[in-house]
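Ligands are counted one by one from 1 in listed order, and the atoms in each one are counted from 1 as well.
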Amino acid sequence: MRIVVDLNRCESYAQCVFAAPTVFWMKDEESLEYDYAPDDSLLVQVERAAAACPVQAISICWLDEQLEQQGGNHSEQQ
Ligand code: SF4
């Protein structure tokens with residue numbers, strides 16, 4: 001899994017940090033940092049973070065080989 005955060009859209013609400021603290025964290029009060037390639041076992045947390053983001057800034061992407069393994073079901077989720 002790969003994560004893309006649209007930092008132009010991100011308003012630093014930190015809802016994602018609460019939902020998935022090992023994937024998203026605040027460097028200071030205003031700048032979000034994140035693991036752009038978290039382990040797939042964190043998918044539920046990442047999906048919660050994406051759902052919690054008030055401005056829908058978080059996108060979850062899959063590599064081609066992961067798509068093949070999963071039958072192409074997850075091209076992109078928001
Ligand atoms: S929840 Fe959304 S707006 Fe808030 S810090 Fe995370 S990505 Fe940014």
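Ligand 1 places these atoms under 4.0 Å from at least one heavy atom of Val55: 3 (S). Near Leu32, with a cut-off below 4.0 Å to any heavy atom, the atoms of ligand 1 are 7 (S).
Although no hydrogens or angles enter the test, the distance criterion places a donor-acceptor pair under 3.5 Å between the side chain of Arg9 and the main chain of Gln56. In this structure a side-chain-to-backbone donor-acceptor pair under 3.5 Å is present from Tyr34 to Val5. A donor-acceptor contact shorter than 3.5 Å links the side chain of Asp40 to the backbone of Met1.
From the protein, the heavy atom lying nearest to atom 5 (S) of ligand 1 is Ala14 N, 3.2 Å. Among protein heavy atoms, atom 6 (Fe) of ligand 1 sits closest to Cys16 SG, 2.3 Å. With respect to atom 3 (S) of ligand 1, the closest heavy atom belonging to the protein is Glu11 N, 3.3 Å. Among protein heavy atoms, the minimum distance from atom 8 (Fe) of ligand 1 is reached at Cys10 SG, 2.3 Å.
Atom 8 (Fe) of ligand 1 has no N, O or S atom of Cys53 under 2.8 Å away, backbone or side chain.
Placement of Leu7 and Val46 within a single hydrophobic cluster is found when ILVMFWY residues are connected by side-chain heavy-atom separations under 4.5 Å, directly or transitively. Cluster membership for Val23 and Tyr13, using ILVMFWY side-chain heavy atoms within less than 4.5 angstrom, is not shared. Linking ILVMFWY side-chain heavy atoms closer than 4.5 Å, directly or via other members, places Leu42 and Ile58 in a single hydrophobic cluster.
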